Amino acid sequence: MALEEASVEFHHVHLYVDKLEPLHVYEEKQARLSEFCSQTSATASVAERRAQWVALGGTKDPKDFVSAGQDIVDQLITGVGMRISASAEVNGTRSVLVQSSALEGVKYLISAKTEQSEIQASKRAKESQFDHL
């Protein structure tokens, strides 16, 4: 009996984070970025591009940027140009699949507990009464 060669392929990286924004927040950011890219000239100065971004609702001042504690989905959308291709909110968990435009490119599945699941867990903990010695 001949042994068959096993085939293993990389599919995605799964990240668990403390918080994810609702999907509409990321969709609005993606739409704003798409509009910005369609309006921006390759010869525009940084100041011109900054003014266009602010006009589209991008209000963060680059001087206020802090590299730690950022929203990873926002960073992948804004900094790397990835887009959300799927999302789900089930059983107290919110997840988004973020990927590049390449069909075989990297995919990040990012998950977090929803606010409701955190509230329910807190209520259950308060309601629990333990009978200890």
Side-chain angles (χ1 to χ4, degrees):
M1 179 181 200
L3 293 176
E4 291 184 29
E5 186 174 316
S7 174
V8 178
E9 294 182 16
F10 171 80
H11 187 265
H12 68 275
V13 175
H14 198 157
L15 303 172
Y16 296 92
V17 297
D18 292 328
K19 180 183 176 192
L20 281 176
E21 297 294 336
L23 181 62
H24 72 87
V25 172
Y26 299 123
E27 288 175 332
E28 289 167 6
K29 173 66 81 79
Q30 290 179 156
R32 219 172 30 247
L33 285 165
S34 294
E35 189 173 344
F36 175 71
C37 290
S38 70
Q39 291 180 1
T40 303
S41 164
T43 58
S45 70
V46 172
E48 291 170 325
R49 290 177 184 174
R50 175 83 184 127
Q52 288 173 330
W53 180 245
V54 170
L56 289 171
T59 56
K60 289 185 180 177
D61 189 336
K63 294 176 203 150
D64 297 333
F65 179 77
V66 178
S67 60
Q70 296 291 320
D71 180 333
I72 187 68
V73 176
D74 187 57
Q75 293 297 301
L76 290 170
I77 291 170
T78 306
V80 187
M82 294 183 157
R83 294 294 181 252
I84 294 175
S85 60
S87 67
E89 193 165 323
V90 293
N91 297 328
T93 304
R94 179 179 293 145
S95 298
V96 293
L97 182 66
V98 183
Q99 67 183 79
S100 68
S101 59
L103 292 176
E104 297 298 320
V106 66
K107 297 172 184 72
Y108 294 96
L109 180 58
I110 304 166
S111 300
K113 291 181 181 178
T114 61
E115 296 82 9
Q116 283 301 92
S117 68
E118 292 292 326
I119 292 168
Q120 290 169 349
S122 176
K123 283 181 182 177
R124 281 193 303 269
K126 288 178 183 174
E127 292 170 357
S128 298
Q129 299 228 351
F130 297 101
D131 189 14
H132 294 289
L133 294 175

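Quick note: numbers below take in every heavy atom, side chains included, and nothing from hydrogens, waters or symmetry partners. Bear in mind that the values here come from a model prediction, so they are computed numbers and not experimental data.
- Interatomic distance, Q30 CD to T78 OG1, rounded to the nearest 0.5 Å: 9.5 Å.
- Here the closest heavy-atom approach between residue R49 and residue T43 is recorded as NH2-N, 4.2 Å.
- Rounding to the nearest 0.5 angstrom, the gap separating the OG1 atom in T93 from the CD atom in E89 is 9.0 Å.
- Across all their heavy atoms, M82 and Y108 have their closest contact at CE-CE1, 3.8 Å.
- Ion pairing of K29 with E21 is absent here, as no side-chain N (NZ or NE/NH1/NH2) approaches a carboxylate O to less than 4.0 Å.
- Partner I84 forms a side chain to side chain contact (heavy atoms under 4.5 Å, CB included) with one of I110, V73, L97 and no other, that one being V73.
- Linking ILVMFWY side-chain heavy atoms closer than 4.5 Å, directly or via other members, places V106 and Y16 in two distinct hydrophobic clusters.
- The structure places NZ of K107 at 10.0 Å from NE2 of H12, a figure rounded to the nearest 0.5 Å.
- V25 is not connected to L33 by any chain of hydrophobic side-chain contacts under 4.5 Å among Ile, Leu, Val, Met, Phe, Trp and Tyr, and they are in different clusters.
- Between E48 and A44, the closest heavy-atom pair is OE1-CA, 3.1 Å.
- Annotation: side chain of Y26 is not in contact with side chain of E28 (no heavy-atom distance under 4.5 Å).
- In terms of modelled atom types and a separation under 3.5 Å, the side chain of S38 and the main chain of E35 share a donor-acceptor contact.
- For the pair Q39 and Q52, the tightest heavy-atom approach, listed with the atom from each and the gap, is O-NE2, 3.5 Å.
- In this structure the side chain of S95 reaches within 4.5 angstrom of the side chain of L109, judged on heavy atoms.
- L20 and I72 end up in the same hydrophobic cluster when Ile, Leu, Val, Met, Phe, Trp and Tyr side chains are linked at under 4.5 Å.
- Taking every heavy atom of both residues into account, S87 and L23 meet most closely at OG-CD2, 3.2 Å.
- F36 and V80 fall within a single hydrophobic cluster, where Ile, Leu, Val, Met, Phe, Trp and Tyr side chains are chained together by heavy-atom contacts under 4.5 Å.
- The closest side-chain heavy-atom distance from R94 to S111 is not below 4.5 Å.
- Counting only heavy atoms from C-beta outward, the side chains of R83 and I77 approach each other to under 4.5 Å.
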